[in-house]
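Note that ligands are numbered from 1 as they come in the structure, with each ligand's atoms numbered from 1 the same way.
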Amino acid sequence: MKEIGVGLVGFGTVGAGVVEGLQRNGALLAERQGVKLRLAKVADLDLERDRGVQVNPGMMTRDAMAAVEDPAVQIVVELIGGVRAARDVILRALELGKPVVTANKALLAEQGAELFQRAAERLTHIHFEASVAGGVPIIRALRDGLAANRIRSVYGILNGTCNYILTRMDRDHVTFEHALKEAQAAGYAEADPALDIDGVDTAHKAAILAGLSYGVFVPMAAVHVEGIRGIAKADIENARALGYRVKLLAVVKEAAGAIEVRVHPTLIPAEQMLASVGGVFNAILVDGDLTGPTAYYGRGAGRLPTASAVLSDLADAARLVALGKRPAMWPERRADAARVRDIGSVEARYYLRVSLLDRPGVLGRLAGVLGQHDISIASVVQKEAHAGKHVPVVIVTHVAREAHMQVALEAIDAMAEVGARTVRLRIEDMEHERKA
Ligand code: HSE
């Protein structure tokens with residue numbers, strides 16, 4: 001059987017998982033694919049740390065480029081993360097005509113257009129199954145399985161760390177900080193956890209899914225991003241009482257010729273499948289025009305699930321090297337900026353938590369401000385209050401335009417009787433799911 005040499009650049013959590021997965025299931029993979037993967041070089045700045053796997057010390061190097069350029073290396077796996085050094089590694093590999101396997105969603109979301117262009121010029125390929133939703137094969141689902149569909153929408157819970165935090169806050173009433181520490185200790189979080197909790201990691205993944213869905217490279221600047229730092233336990237509890245769960249949701253849609261790509265904490269009806277996705281798990285709902293809704297669920301982070309995605313890409317890349325077959329390329333075009341919808345024109349229902357002074361006529365004025373901005377109230381909840389104190393008033397609106405909501409919120413927060421910045425969260429009803 002033909003053997004293909006693999007150069008692993010980055011021997012961290014996922015890198016060690018790739019070695020473990022290859023040692024455990026390499027023979028099985030070879031039997032299935034007809035090509036054998038052989039680890040030829042491993043590069044990392046730290047050669048000492050115990051990763052729980054054995055690697056022949058002779059194949060270890062601190063020099064990433066030496067691993068890329070080694071003639072025994074025919075496929076390069078980039079798992080160092082970050083943008084700069086990873087980009088150099090990938091460009092050098094492509095220059096040498098070596099296929100690249102990467103989990104680097106930040107780099108692909110920010111510079112994918114250029115990297116894919118370079119790969120096409122060198123008649124090679126970048127494989128990136130591990131960049132979105134770890135062990136869940138969503139890239140293949142969109143690229144291959146759903147290739148004949150027009151994609152109507154993609155809804156994703158794509159960050160295990162955020163979902164873990166929100167689930168722990170919801171079910172176990174732990175604090176945000178405590179839950180974040182747990183996720184970091186379990187190896188789910190990014191090196192800089194701000195990327196997780198501020199929604200940036202999810203936005204990178206959303207841009208990649210949007211690219212696959214609509215065949216265009218979506219610039220990160222066009223993706224609206226809000227994270228979960230501002231979510232209070234009160235909002236999670238209020239949402240629950242109203243029949244919703246709070247999730248950090250990626251929304252990708254095409255309507256009236258425009259693409260919507262946004263990431264924000266979202267109230268999801270409790271009966272929807274995504275509402276029950278807990279802990280570090282990821283889930284994606286894709287609505288294709290031929291298939292109708294389809295769902296994908298699994299571990300979106302961690303050593304072996306992500307390694308599984310890397311190894312599946314390695315198998316593809318090995319067949320490419322051994323048999324010369326080139327899979328379909330993506331993305332090949334840049335999005336016309338005008339095609340990505342500005343957040344101001346997006347329409348949604350809203351949850352508002354207003355800190356309002358309990359005084360005659362104040363609730364009426366609040367309702368008046370919303371009405372003036374074409375925002376209709378669907379429900380209002382105010383627990384019995386003590387006159388003269390600030391009380392939380394929870395409002396759910398009918399569908400409203402984001403631009404109107406922004407102006408209304410400025411007016412509300414300028415009211416003398418409003419004691420704190422109003423919390424505003426969007427609600428996604430996932431209508432297609434209901435109809436299906
Ligand atoms: N930090 C990411 C997460 C890892 O928590 O999901 C996988 O991209």
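- The atoms of ligand 1 that sit less than 4.0 Å from any heavy atom of Lys105 are 7 (C), 8 (O).
- Every atom of ligand 1 with a heavy atom of Ala301 under 4.0 Å away is listed here by number and element: 3 (C), 4 (C), 6 (O), 7 (C).
- Atom CZ of Arg424 has more than 12 heavy atoms from other residues, nucleotides or ligands within 6.0 Å.
- Of the possible polar contacts, none joining the Lys98 side chain to the Gly7 backbone as a donor-acceptor pair under 3.5 Å is found.
- Of all protein heavy atoms, the one lying nearest to atom 2 (C) of ligand 1 is Glu190 OE2, 3.2 Å.
- Which parts of ligand 1 touch Asp196 is read off a 4.0 Å heavy-atom cut-off, strictly below it: atoms 1 (N), 2 (C), 3 (C), 5 (O).
- Atom numbering of ligand 1 starts at 1 in the shown order; those under 4.0 Å from a heavy atom of Asn159 are 1 (N), 2 (C), 3 (C), 5 (O), 6 (O).
- Looking only at heavy atoms of the protein, atom 5 (O) of ligand 1 is closest to Thr161 OG1, 2.7 Å.
- Considering backbone and side-chain atoms together, Asn282 places no N or O closer than 3.5 Å to any N or O of ligand 1.
- When all heavy atoms of Ile284 and Leu274 are compared, the pair lying nearest together is N-CD2, 4.5 Å.
- Each of the following atoms of ligand 1 lies closer than 4.0 Å to a heavy atom of Gly300: 7 (C).
- When all heavy atoms are compared, the tightest approach of Tyr214 to Arg152 is OH-O, 3.6 Å.
- Between atom 6 (O) of ligand 1 and the options Pro193, Gly160, Ala183, the minimum heavy-atom separation is to Gly160.
- Using cut-offs of 30° and 60° for the angle between ring planes, the Phe281 and Tyr297 rings count as parallel.
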Kindly determine whether Tyr155 and Asp287 satisfy side chain to side chain donor-acceptor pair (under 3.5 Å), including the steps that lead there. CA-CA 9 Å; Tyr155 292 105; Asp287 189 16; over 6 Å; no

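- Other residues, nucleotides and ligands contribute at most 12 non-hydrogen atoms within 6.0 Å of the CD atom of Gln54.
- Each of the following atoms of ligand 1 lies closer than 4.0 Å to a heavy atom of Lys205: 2 (C), 6 (O), 7 (C), 8 (O).
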